[in-house]
Amino acid sequence: MNTMADDTSAAAKAESGTSSGIPEIHAHESHRKYKLVYLDNQQIERTASELIEGSKLLKNRELWIANFTATIKRVRDWCGKSSALIRIALVDIRSNKVLFYFVPRSDRYDLDLGARMTELEVELGGSAGIGYVETQQIPERSLERFVGPRSLLVWNSEESAS
């Protein structure tokens, strides 16, 4: 066993900036450009700092998707508990907020549903981790005016009854 040689090679790797065969990028090299080649042979050049920011955004995106999925589950559960008041629930992801639409069973604004929606909005706004959350009660006759083509169905009373 040559422990001295192992220590020397580890020190040499640390000095040369490699760890497990992966070159390390230090802060003073953040301006250095790197060429990335995609699987389809497209190429882009980015600085080390741009690559780091891109990596952070990707990680944030993955976290947002996980939080959004958990939020949808929470809203579906809430809809199940409020099923006597709700026909349909939809979600619309905007650039500055996540908007949940609830269609009441009544033809008019449902005050009880409105109070429950406010509680849900406060809960989600403080803990969902998906940014600003807003809820709106929309009568079925006005759905097309408010709900866009990219809105997603979250809950439907007819589907949950079967």
Visitor: Determine, using the 4.5 Å side-chain heavy-atom cutoff (strictly less than), whether V75 and V91 are members of one ILVMFWY cluster.
Guide: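 Linked within one cluster.
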
Visitor: In Å, rounded to the nearest 0.5 Å, how long is the span from OG of S82 to CG of L120?
Guide: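 Interatomic distance, S82 OG to L120 CG, rounded to 0.5 Å: 8.0 Å.
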
Visitor: With the 4.5 Å side-chain cut-off for hydrophobic clustering, are V133 and V103 part of the same group?
Guide: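 As far as the 4.5 Å side-chain criterion goes, V103 and V133 are not connected within one cluster.
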
Visitor: Running the 4.5 Å side-chain criterion over Ile, Leu, Val, Met, Phe, Trp and Tyr, what cluster does Y109 land in, apart from itself?
Guide: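 L111, which link up through side-chain heavy atoms under 4.5 Å apart, make up the rest of the cluster.
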
Visitor: Identify every side-chain donor-acceptor pair in residues 144-154 under 3.5 Å, counting partners at least two apart or on other chains, and give the distances.
Guide:
unit_1, atom_1, unit_2, atom_2, d
R145, NH2, S142, OG, 3.1
S151, OG, G148, N, 3.2
S151, OG, G148, O, 3.2

Visitor: Is it possible for you to say whether L99 and W155 belong to one hydrophobic cluster, with membership spreading through side-chain heavy-atom contacts below 4.5 Å?
Guide: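 No: no chain of side-chain contacts under 4.5 Å links L99 to W155.
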
Visitor: With rounding to the nearest 0.5 angstrom, report the OG1 to CG distance, T118 to L113.
Guide: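 Between atom OG1 of T118 and atom CG of L113 there are 9.0 Å.
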
Visitor: Please list all pairs meeting salt bridge (Lys or Arg N to Asp or Glu O under 4.0 Å) that have one or both residues in residues 114-136, counting only residues at least two apart or in different chains.
Guide: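 Counting only pairs at least two positions apart or across chains, the salt bridge (Lys or Arg N to Asp or Glu O under 4.0 Å) contacts touching residues 114-136 are R74-E123, K97-E134.
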
Visitor: Do you know the tightest heavy-atom contact between D92 and R94?
Guide: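 Looks like OD2-NE, 3.0 Å.
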
Visitor: Nearest 0.5 Å please: distance from the CD1 atom of I138 over to the CG atom of L90.
Guide: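 Taking CD1 in I138 and CG in L90, the distance rounds to 9.5 Å.
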
Visitor: Looking at SG of C79 and CG of L85, how far apart are the two atoms once the value is rounded to the nearest 0.5 Å?
Guide: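 Interatomic distance, C79 SG to L85 CG, rounded to 0.5 Å: 10.5 Å.
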
Visitor: Pairs in or reaching into residues 80-91: which pass salt bridge (Lys or Arg N to Asp or Glu O under 4.0 Å), with residues at least two apart or in two chains?
Guide: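 For residues 80-91, and leaving out neighbouring residues, the salt bridge (Lys or Arg N to Asp or Glu O under 4.0 Å) pairs sorted by first residue read R87-E140.
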
Visitor: Roughly how far, to the nearest 0.5 Å, is CG of D110 from CZ of R105?
Guide: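 Answer for the CZ-CG pair, R105 versus D110, is 11.0 Å.
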
Visitor: Do the side chains of I130 and I93 get nearer than 4.5 Å, heavy atoms only?
Guide: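 Not touching, per the 4.5 Å side-chain cut-off.
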
Visitor: Tell me every residue that passes ring pair (Phe, Tyr, Trp, His ring centres under 6.0 Å) with F102, counting only those two or more places apart in sequence or in another chain.
Guide: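 Testing F102 for ring pair (Phe, Tyr, Trp, His ring centres under 6.0 Å), a comparison that skips the adjacent residues, returns W78.
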
Visitor: Would you say CG of N96 has more than 12 non-hydrogen atoms from neighbouring residues, nucleotides or ligands within 6.0 angstrom?
Guide: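 Atom CG in N96 is packed in, count exceeds 12.
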
Visitor: Could you tell me which residues satisfy ring pair (Phe, Tyr, Trp, His ring centres under 6.0 Å) with Y101, sequence neighbours excluded, listed by chain and number?
Guide: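 For Y101 there are no ring pair (Phe, Tyr, Trp, His ring centres under 6.0 Å) partners, ignoring immediate neighbours.
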
